[in-house]
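These notes are about the structure you will find just below.
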Amino acid sequence: MNDYYEILGVSHDANQDEIKKAYRKKARLLHPDYAGPESEDAFKDLSVAYETLSDPQKRQMYDIGGPDALHGGGGAGGAGGDAFGFADIFESMFGGGGGFASSSGPVPRARRGQDQLLAVEATLEEETFGAKKDISLDSFVVCARCGGSCCEPGTHPTTCPTCGGTGSVTRIQRSLLGNVRTQTPCQACQGHGTIISDPCHDCSGEGRTRTRRTLSVDIPVGVDNGTRIRLSGRGEVGPAGGPAGDLYLEIHEKKHPIFTRRGDDLHTWISVPMSTAALGTVFQLQTLDGAREVTINAGVQPQDEVVLNDLGVGHLQRGGRGDLHVHVDVEIPRKLDQRSRELLEELASIRGETRVEPRRGDQSMFERLRDKLTGQ
Ligand SMILES: [Zn+2]
Ligand SMILES: [Zn+2]
C-alpha cells in the first residue's frame, strides 16, 4: 500500500542520485506552500519515504521488512525491559478476525492466513556484523495437489442446492408483531454458497497443508534483543489458498560469556593484580573484531575504565559503531606468604604507608548526588 518506492516514483533498484532527483521533483509539486494545505499529508509521506530510501541502512531495513522493520524493539511495549511481551502482540496480531461475516452474499472460502511470530536467536557477533540465517518453521503452504482450490483435481465446487448459491437462508417467523424475516448462514455450505463434493485427498479440502519449511533471512547489523523484523507475506497461507499473513522475527540475544551489551556499547570487566595496577601493563583482549592491545596505565584505580572506540555493536539506523568499555577491578591478595609479606612491609615503610585516616573533604556518592539535585 504505502510503498516508499511508489511514493517517490522510482524503481526498486534506483540509485541514490535517482532517488534524490525524484524527491526534489516531487517535493516541489507537493510542498504545502505551493500546493496548498491539502497536500500536507502527501508531502509528509514523501518526506518519510525519502528519509528512509536516502539512508542506505534504513533502505536495507525497509527492503527486508517494510516500514515496520524500522521501528526496532519496543515499538508496541515501550522501551526495552519486557523481552517477552508476547501477549500484547499475539492479541493485536491474532485477535479479532475470523468467524462469519454478517454482510449478505456468500462468504469466500479463501481468507488471509495468520501472522506468525518466531524467535530467532542471535549472538553478539551476528548483531554486530549482521548475518544470514536459515530458520525453519512449521506453517501452512498452498496445497500442491489442489493448488488451493480445495477440490480433488478434475472436480469443481457445485452450487449449494439449499441456498442456491447465496450462502444464506431466509426464514419467516410468525410473532405477535407480525411476520419477522431472519437471515442466517446456510448450514449446508457454511455460508460459502458452494459445496465441495470431492475434497482434495491431500489437504482434506482445506486448500493448504502444514509443512516445515526453511527460510534464509538476513539479520541486519545493529538489531538488539527484542527487535522485531517483519517479513511481509511470509507467514502462513490462509484457508483455501488465501493470501499469506506476515512473519515476524523477534531477536533473542544469546548471552555472551565476556561482553554485556548496553545500547550500542559493550562492557567487559577485567581483574588486575595489585602490583600490576601500580606498575601498568599491556595485554591482549579478544574483542569481537579479534585480538586488540589494551594499555593499562600505571596507577590505574579500581572502577577505572579503558574505552576502545568503535569496537561495540553497529547502530541499526544511523550507522557507525558503539564503544567497548573495559572496566578495571584491582585484585588485592587475600593471603600472603612470608616473603611477600616482608616485601610489602618494606615497601610500606619506604612509602611511609602506615596510617589509616579519614578522607577529609571527600564527599560520599550520596552527598554528591544530593548537591547535584539541589544545584549546589
Ligand atoms: Zn489440496
Ligand atoms: Zn448453501
Side-chain angles (χ1 to χ4, degrees), residues 1 65-66 89-90 92-120 133-217 229-249:
M1 273 194 295
I89 1 167
F90 268 96
S92 63
M93 286 193 326
F94 306 120
F100 275 116
S102 58
S103 62
S104 54
V107 181
R109 276 202 164 74
R111 274 186 286 132
R112 184 182 183 272
Q114 286 193 319
D115 293 334
Q116 282 186 287
L117 179 67
L118 193 71
V120 177
K133 277 191 119 130
D134 285 336
I135 53 165
S136 40
L137 71 160
D138 281 317
S139 75
F140 282 111
V141 296
V142 176
C143 171
R145 185 173 175 86
C146 66
S149 77
C150 310
C151 306
E152 215 9 47
T155 70
H156 297 281
T158 50
T159 304
C160 171
T162 308
C163 63
T166 61
S168 55
V169 285
T170 307
R171 249 183 265 147
I172 297 179
Q173 283 179 315
R174 293 215 175 89
S175 77
L176 288 173
L177 301 168
N179 290 347
V180 181
R181 285 165 64 96
T182 53
Q183 218 178 33
T184 52
C186 172
Q187 295 295 312
C189 62
Q190 278 91 47
H192 295 310
T194 54
I195 285 181
I196 294 170
S197 44
D198 194 3
C200 166
H201 297 179
D202 275 5
C203 65
S204 313
E206 226 201 312
R208 57 179 187 169
T209 46
R210 205 166 178 83
T211 315
R212 189 159 190 84
R213 60 194 169 112
T214 303
L215 284 179
S216 177
V217 297
I229 304 169
R230 192 184 79 166
L231 302 177
S232 173
R234 307 291 287 274
E236 66 180 43
V237 161
D246 297 335
L247 174 62
Y248 290 81
L249 304 180

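Starting from 1, each residue takes its place in the sequence as its number. Worth knowing before you read on, the calculation uses all heavy atoms, side chains too, and leaves out hydrogens, waters and symmetry mates. Note that ligands are numbered from 1 as they come in the structure, with each ligand's atoms numbered from 1 the same way.
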With Leu137 as reference, evaluate Leu247, Leu249, Leu117 under the side-chain contact (heavy atoms from CB on, under 4.5 Å) test and give the passing residue. Leu247

When you measure from the side chain of Gln116 to the backbone of Asp138, do you find a donor-acceptor pair of N or O atoms at a distance under 3.5 Å? yes

Examine all N, O or S atoms of His201, backbone included, and report whether one is under 2.8 Å from the Zn ion (ligand 1). no

Flag, side chain of Thr211 to backbone of Arg213, donor-acceptor distance under 3.5 Å: no

Taking the side chain as every heavy atom from C-beta outward, state whether Ser149 and Cys200 have any pair of such atoms under 4.5 Å apart. no

Are there any protein N/O/S atoms under 2.8 Å from the Zn ion (ligand 2), and if so, which? Cys160 SG, Cys163 SG, Cys186 SG, Cys189 SG

Check whether any side-chain heavy atom of Thr184 lies under 4.5 Å from a side-chain heavy atom of Arg171, and answer yes or no. yes

Side chains of Pro239 and Arg208: closer than 4.5 Å at any heavy-atom pair? yes

Judged by atom type as modelled, is there a donor-acceptor pair below 3.5 Å linking the side chain of Arg109 to the main-chain atoms of Thr194? yes

What angle, to the nearest 10°, do the atoms SG (Cys143) and SG (Cys203) form about the Zn ion (ligand 1)? 110°

Taking both backbone and side-chain atoms into account, decide whether Cys146 has an N/O/S atom under 2.8 Å from the Zn ion (ligand 1). yes

Restricting to N/O/S atoms, is Cys200 within less than 2.8 Å of the Zn ion (ligand 1) or not? yes

I'd like to check His192 versus Pro106 (side-chain heavy atoms, cut-off strictly below 4.5 Å). Are they in contact? no

